[in-house]
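Excluded from the calculations below are hydrogen atoms, water molecules and symmetry mates; all remaining heavy atoms, backbone and side chain alike, are included. Positions are given from 1, in the same order as the sequence printed here.
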Amino acid sequence: HDARLDFTGEGEPGRARADLVRFAGSGLRVDGGAVDGLGAAIRFSFATSSEAAALKVESDGVDLGRLGDFERGPAVRGKLSLDVDAAVGGGSAHGRVALELEHAAFSGVSDASGRLEATIDGRRGSGTATARIEDIGTVSLRSSSLVVGSGPLLSSSPWRKSWGTVDFEGRVDLARLASRLPLASVGLDTLRGALELRGRVSRDSGDDATPGVELAARTSGLALSGRR
């Protein structure tokens, strides 16, 4: 059967629809799904059972501010684009995930952006992630090979046992960061300069309880002063 649902809040109503909704035993299948009224349309389909799951969802930009019209909570704004096509079953997973957050504002942050791209084939994955918070700093993560641990992939255990290598780097404008912090509480009056970080975190196996960590830090134009 098809399905239609209207939902209302403080602004214009939103609408969700699906061309097919089918229940079969412990499974659920939805085809031709769409949500309108939250920015760009969200198009989706998914199927689940006790042993497998598949999901496709895409949107050119969900208006996060519109979500606040339907759900009470801290004010949030920004745009979230997404493109997900993934399936899990038979002890392996296949697919891709791409998310992009633009000009988000929340919890005292006025402008944040980020991007995540990841792929998985079997039990091996790779991906990159970047984030920027206003003009305070940036961080990026990347991995060319991560391995998901043993166990059923629809449970959390094998994901917690993932192993491989993740490289990271970041940069922070210390003066802009200091403007957000109570420097006086740690005896500082002035903090300026830039901090750059680069490193790697590696885990040799799913049973490795002591992952290796490499970290290099460098400052430029560093200046700080405080009271004795």
Nearest-0.5 Å distance that lies between atom CG in Leu28 and atom OG1 in Thr48: 5.0 Å

Let me check something: do Leu38 and Phe106 share a hydrophobic cluster, defined by ILVMFWY side-chain heavy atoms less than 4.5 Å apart, either directly or through other members? yes

Residue pair Arg192 / Leu174, side-chain heavy-atom distance below 4.5 Å: no

Is the shortest heavy-atom distance from the side chain of Asp121 to the side chain of His94 under 4.5 Å? yes

Side-chain donor or acceptor of Ser143 paired with backbone N/O of Thr165 under 3.5 Å: yes

Nearest-0.5 Å distance that lies between atom CD in Glu102 and atom CZ in Arg115: 9.0 Å

Rounding to 0.5 Å, atoms CG (Leu82) and CG (Leu116) come to a distance of 11.0 Å

Please report the closest heavy-atom contact between Glu51 and Leu154, naming both atoms and the distance. C-CD1, 3.7 Å

With a 4.5 Å limit on heavy-atom distance, are the side chains of Val30 and Ser45 in contact? no

Report the distance from atom CD of Glu12 to atom CZ of Arg66, rounding to the nearest 0.5 Å. 7.0 Å

Evaluate the criterion salt bridge (charged side-chain N to carboxylate O under 4.0 Å, His left out) for residue pair Asp83 and Arg96; output intermediate values, then yes/no. CA-CA 8 Å; Asp83 183 1; Arg96 69 176 189 280; 3.2 Å; yes

Can you tell me how far the OG1 atom of Thr119 sits from the CG atom of Leu146, to the nearest 0.5 Å? 10.0 Å

In short, Ala41 meets Ser59 closest at the heavy-atom pair O-OG, 3.2 Å

Donor + acceptor pair across side chains of Ser113, Arg132 (<3.5 Å): yes

Assess the residue pair Arg200 and Glu214 against the criterion (salt bridge (charged side-chain N to carboxylate O under 4.0 Å, His left out)); give the C-alpha distance rounded to whole Å, side-chain angles, the decisive distance to 0.1 Å, and a yes or no. CA-CA 5 Å; Arg200 169 176 290 184; Glu214 302 174 23; 5.2 Å; no

Are the side chain of Arg77 and the backbone of His103 linked by a donor-acceptor contact shorter than 3.5 Å? yes

Tell me whether the count of non-hydrogen atoms from other residues, nucleotides or ligands lying under 6.0 Å of CD1 in Ile42 goes above 12. yes

Under 4.0 Å between a Lys/Arg side-chain N and an Asp/Glu carboxylate O for Arg198 and Glu196? no

When every non-hydrogen atom of Ser81 is compared with those of Asp60, the smallest separation belongs to OG-O, 2.9 Å

Hey, any chance Trp159 and Val84 share a hydrophobic cluster, counting ILVMFWY side chains that come within less than 4.5 Å of each other, even indirectly? no

Does Asp207 have more than 12 heavy atoms from other residues, nucleotides or ligands lying within 6.0 Å of its CG? no

Residues Thr210 and Asp208: closest non-hydrogen pair is N-OD1, 3.0 Å

Let me check something: do Val139 and Val172 share a hydrophobic cluster, defined by ILVMFWY side-chain heavy atoms less than 4.5 Å apart, either directly or through other members? no

Are the charged groups of Asp173 and Arg176 less than 4.0 angstrom apart, N to O? yes

Does the side chain of Leu64 come within less than 4.5 Å of Leu101's, by heavy atoms? yes

Ile120/Val148 under side chain to side chain contact (heavy atoms under 4.5 Å, CB included): CA gap, chis, key distance, verdict: CA-CA 9 Å; Ile120 187 168; Val148 182; 4.0 Å; yes

For Gly89 versus Ala52, what's the shortest heavy-atom pair and its separation? CA-CB, 4.0 Å

Say whether Leu215 and Val201 are linked into one hydrophobic cluster, either directly or through other cluster members, by side-chain heavy-atom distances under 4.5 angstrom. yes

Starting at CZ of Phe168, measure out to CZ of Arg142 and round the result to the nearest 0.5 Å. 10.5 Å

Within one Ile-Leu-Val-Met-Phe-Trp-Tyr cluster: Leu67 and Phe7, side-chain cutoff 4.5 Å: yes

With a 3.5 Å distance limit and no angle check, can you tell me whether Glu134 reaches the backbone of Val109 through a side-chain donor-acceptor pair? no

Student check: side-chain heavy atoms of Val35 and Phe44 closer than 4.5 Å: yes

Side chains of Arg123 and Leu153 in contact at under 4.5 Å (non-hydrogen atoms): yes

Identify the two heavy atoms, one from Ser126 and one from Ser145, that lie closest to each other, and give their separation to 0.1 Å. CB-N, 4.4 Å

Side chains of Ser140 and Thr130: any donor to acceptor distance under 3.5 Å? no

Option passing salt bridge (charged side-chain N to carboxylate O under 4.0 Å, His left out) with Asp36 (candidates Arg43, Arg17, Arg4): Arg17

Any side-chain heavy-atom pair of Trp163 and Asp204 under 4.5 Å: no

So Asp85 and Val97, do their side chains get closer than 4.5 Å, heavy atoms only? no

